[in-house]
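Order of the sequence lines sets the chain letters (A, B, ...), proteins ahead of strands, with each chain counted from 1. Just so we're clear, the structure is a prediction, and the values are computed from it rather than from any experiment.
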Amino acid sequence: MLQLQVLRQNPEVVKGRLIVKHFAETQIVDTIIALDDERKKLQLDFDNNQAKVNSTSKEIGGLMAKGQKEQAEAKKQEVAALKSTLQPIIEKLAIVEKQLQEELVKLPNLPSPIVPIGKTPAENVVVREGGIKPTLPAGSVPHWDLIKKYDIVDFETGAKITGSGFALFKGQGAKLQRSLIQYFLDFNTAAGYTEYHPPFMVNEASAYGTGQLPDKEGQMYFIQEDKFYMIPTSEVPVTNIYRDVMVKEENLPIRMTAYSPCFRREAGSFGKDVRGLNRVHQFEKVELVQIVHPDKSYEVLDEMVTHVEKLLNTLELPYRILRLCGGDMSFASALTYDFEVYSAAQEKWLEVSSVSNFESFQSNRMKIRYKDSNGKSQLVHTLNGSSLALPRIIACLLENNQTPGEINLPPVLHNYFRDSSIS
RNA sequence: GGAGAGGUGCCUGAGUGGCCGAAAGGGCCGGUUUGCUAAACCGUUGUACGGACUUAAAUCUGUACCGAGGGUUCGAAUCCCUCCCUCUCCGCCA
């Protein structure tokens, strides 16, 4: 959620930035300011009337104590009259506040100045590429064939147990997944991130805090009975650890990492992109979350990108880093870098990580603040990134490292997997 | 799931209808005293949204907030209802 103050101060600047995100309804900015003006007026009106009610009520108390009943009764009528004029103001105020809030949450975060202009993924900017694209031996096949050949992931049985898009990992496949999770967490904690293991379901307030609600409820699995949402990423529970918390400035930055399964309905996703492990309803991911001083967030964003890049390098996968254009960024992000790994058998780039700076967009909703040196409350900045999402990493590891008789794993995994290959 | 006890400021904890934004103690911050430190003493110490004044800050001022939301009342931390959470016991259970 954007800060009202920012909107009021620079409405035209805000509108200009919204255009970069391909958000056309910039008149909402004017609507919001008008609603806020009205809100202020009503608030003042209410405060003044309520002040009279309060002071008169006190007088009644005094009169009652002295036994001056008649005068007290007269005052009571005065209060009753005041309250009847107050009632419509209260109702109006509630409506205006609700409208204001509804309009405010419609606005996406403003893109940072370095966000490329563009509407579609084709206009994302490749920042750099790394690793070496392998030359596969003759007869190489995509991962959906490899998982059958080595019997390590079973989609048919997953569909039988739950439904389409739910993978059943088996044998060396299950072990590979576990090894990767363990490795990623170790890699992150070695870099100073504190490991968390959060709840995998969240309440409405948490889903709202990170921006999943309102609007994206259709993308989350929902437990009607208890009104809980299955998390689409551990970003949600982990960032919400600090919801409504006044953080000590000297404790910044706060660096957290967590593994969790991620549940996504992926409503509306069709086509060949969804084949095999490319898109599933439940996948495993290790996430990074940072809560930082606002002056430091872009520095930290670069640092997180470098961190994820190092991790990918250790896996010896070919990758590229994209700076997302305005039209391809998420609602809440101010600047996002996507990591894609090259799937040699599919001859396709697959997204495996997305690292974003949300500036104060999330912290404004969640009221994550610190006190600055003047004793004033300031919003922190939040960032997060995947390190990494597993299914597509597994797909690439399988495809890129296949030989006619086995799949070789990068050396960094040998200890975790307790073997050097899948056969 | 059942029964009971609770949820008050940074912390402990008092407060059963007006004098309570809230006692007391602790902590924190500022000051005095003091070779230094400690101790003692004095003072200050919440958040949000408004308004006045101001270039601004400071200051003054109004309203709201004692788990959340409703209700009763001229007036609610206090009474009533619903919900959430914590603790104890029972039940069930990996």
Side-chain angles (χ1 to χ4, degrees), chain A residues 1-10 32-105 197-209 213 222-229 237 240-252 261 360 363-380:
Chain A
M1 191 166 70
L2 293 174
Q3 292 175 259
L4 195 48
Q5 204 187 356
V6 173
L7 256 63
R8 294 200 67 110
Q9 281 165 356
N10 314 296
I32 288 170
I33 292 173
L35 281 167
D36 191 46
D37 286 338
E38 201 182 345
R39 197 202 100 249
K40 282 188 187 184
K41 256 188 231 152
L42 289 164
Q43 183 72 49
L44 185 60
D45 219 4
F46 169 80
D47 285 354
N48 290 338
N49 277 289
Q50 187 64 43
K52 275 186 219 155
V53 169
N54 288 346
S55 60
T56 312
S57 292
K58 268 193 183 161
E59 288 176 37
I60 292 171
L63 292 169
M64 297 288 262
K66 285 186 223 155
Q68 295 172 310
K69 277 212 166 158
E70 270 178 35
Q71 279 149 312
E73 283 305 319
K75 290 279 181 192
K76 277 192 194 182
Q77 284 186 11
E78 226 176 273
V79 172
L82 275 170
K83 287 188 92 173
S84 65
T85 63
L86 211 45
Q87 195 52 39
I89 299 172
I90 293 171
E91 282 163 18
K92 194 88 187 290
L93 187 59
I95 292 167
V96 171
E97 280 178 342
K98 185 162 173 258
Q99 284 175 338
L100 180 62
Q101 188 64 18
E102 280 168 2
E103 293 301 315
L104 209 46
V105 297
H197 190 88
F200 298 156
M201 291 187 231
V202 294
N203 58 29
E204 193 180 329
S206 294
Y208 177 82
L213 293 180
F222 181 60
I223 315 296
Q224 182 64 43
E225 186 92 17
D226 298 292
K227 307 270 187 273
F228 293 152
Y229 294 86
N240 271 281
I241 292 169
Y242 284 92
R243 170 155 49 88
D244 294 319
V245 171
M246 189 70 82
V247 182
K248 287 210 166 64
E249 188 174 3
E250 63 263 30
N251 290 342
L252 299 176
S360 62
S363 61
N364 189 32
R365 283 194 182 197
M366 282 190 265
K367 297 286 169 276
I368 308 179
R369 295 169 298 177
Y370 69 95
K371 283 221 162 103
D372 66 16
S373 49
N374 297 320
K376 286 209 162 185
S377 300
Q378 302 288 349
L379 294 170
V380 300

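- The 5' end of RNA chain B is approached more closely, in terms of each residue's nearest nucleotide, by A/K371 than by the other of A/K371 and A/D36.
- Between the CG atom of A/D372 and the C1' atom of B/A57 there is a distance of 14 Å, given to the nearest Å.
- Judged by distance alone, with hydrogens and angles left aside, the side-chain atoms of A/D36 form no donor-acceptor pair with the main-chain N or O of A/I32 at under 3.5 Å.
- By the 4.0 Å N-to-carboxylate-O rule, A/K40 lies too far from A/D47 to be salt-bridged with it.
- The residue among A/K58 and A/V79 whose nearest nucleotide of RNA chain B lies closer to the 5′ end is A/K58.
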- Message: Could you walk me through whether A/V105 and A/Y208 satisfy the side-chain contact (heavy atoms from CB on, under 4.5 Å) test, starting with their C-alpha distance in whole Å, then the side-chain angles of each, then the deciding distance to 0.1 Å, before giving a yes or no?
- Response: CA-CA 10 Å; A/V105 297; A/Y208 177 82; 3.4 Å; yes
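- Between the C1' atom of B/G62 and the CG atom of A/L42 lies a distance of 16 Å, rounded to the nearest Å.
- An OP1 or OP2 oxygen of B/G62 is reached within less than 4.0 angstrom by no side-chain nitrogen or oxygen of A/N54.
- Within 6.0 Å of atom NZ in A/K248, 12 or fewer heavy atoms from other residues, nucleotides or ligands are found, so the atom counts as exposed in its surroundings.
- The CD1-C1' distance, from A/I90 to B/U63, rounds to 12 Å in whole Å.
- Checked against B/G75, B/U63, B/A48, the side chain of A/F46 finds its nearest nucleotide in B/U63.
- Remark: C1' of B/A52 and CG of A/D47 are 14 Å apart, rounded to the nearest angstrom.
- In this structure, B/C36 makes no Watson-Crick or G-U wobble pair, since no nucleotide meets both defining distances under 3.5 angstrom.
- When the C1' atom is compared between B/U34 and B/G21, the two are found 37 Å apart, to the nearest whole Å.
- The CE atom of A/M246 sits 17 Å away from the C1' atom of B/C11 (whole-angstrom rounding).
- Around the CD atom of A/E59, the shell of radius 6.0 Å holds more than 12 heavy atoms that belong to other residues, nucleotides or ligands.
- Between the CD atom of A/E97 and the C1' atom of B/U63 there is a distance of 12 Å, given to the nearest Å.
- Between B/A64 and A/Q50, a contact under 4.0 Å exists linking OP1 or OP2 to a side-chain N or O.
- Going from the C1' atom of B/G2 to that of B/U73 covers 36 Å, rounded to whole Å.
- In the model, A/E91 has a side-chain atom that pairs as donor or acceptor with a side-chain atom of A/Q87 under 3.5 Å.
- Judged by distance alone, with hydrogens and angles left aside, the side-chain atoms of A/N240 form a donor-acceptor pair with the main-chain N or O of A/S206 at under 3.5 Å.
- Across all strands shown, B/G30 forms a Watson-Crick or G-U wobble pair with B/C42, both key distances being under 3.5 Å.
- On the P atoms, B/G46 is 9 Å away from B/C10, given to the nearest whole Å.
- For the pair A/R369 and B/A48, the criterion of a side-chain N or O lying under 4.0 Å from OP1 or OP2 is met.
- Across all strands shown, B/G25 pairs with B/C11; the Watson-Crick or G-U wobble distances both stay below 3.5 Å.
- A gap of 15 Å separates the P atoms of B/U45 and B/A58, to the nearest Å.
- Using P as the reference atom, B/C85 and B/C93 are 23 Å apart when rounded to the nearest Å.
- Comparing the C1' positions of B/U33 and B/A52 gives a spacing of 41 Å, expressed to the nearest Å.
- When the side-chain nitrogen and oxygen atoms of A/R39 are compared with OP1 and OP2 of B/C49, none of them lie within a distance under 4.0 Å.
- Checked against B/G62, B/G50, B/G18, the side chain of A/L44 finds its nearest nucleotide in B/G50.
- Among the nucleotides B/G50, B/G18, B/U47, the one closest to any side-chain atom of A/I60 is B/G18.
- Taking the P atom of each, B/C19 and B/A23 are spaced 13 Å apart, rounded to whole Å.
- B/C92 makes up no base pair with any nucleotide shown, lacking Watson-Crick or G-U wobble contacts both under 3.5 Å.
- Rounded to a whole Å, the CG atom of A/D244 is 14 Å from the P atom of B/G9.
- Within the shown strands, nothing qualifies as a pairing partner of B/C66 under the Watson-Crick or G-U definition with both distances less than 3.5 Å.
- Rounded to an integer number of Å, the gap from A/K76 NZ to B/U72 C1' is 13 Å.
- Phosphate contact (OP1/OP2 of B/A48, side-chain N/O of A/S377, threshold under 4.0 Å): present.
- Across all strands shown, B/U86 pairs with B/A5; the Watson-Crick or G-U wobble distances both stay below 3.5 Å.
- Using a 4.0 Å cut-off, no side-chain N or O of A/K376 falls inside it from OP1 or OP2 of B/A57.
- Among the nucleotides B/G62, B/G50, B/A48, the one closest to the side chain of A/K40 is B/G50.
- Taking atom P in both B/A77 and B/G70, one finds a spacing of 15 Å when rounded to whole Å.
- With both pairing distances under 3.5 Å, B/U59 is matched to B/A52 as a Watson-Crick or G-U wobble pair.
- Salt bridge present: A/E73 and A/K76 bring a charged side-chain N and a carboxylate O closer than 4.0 Å.
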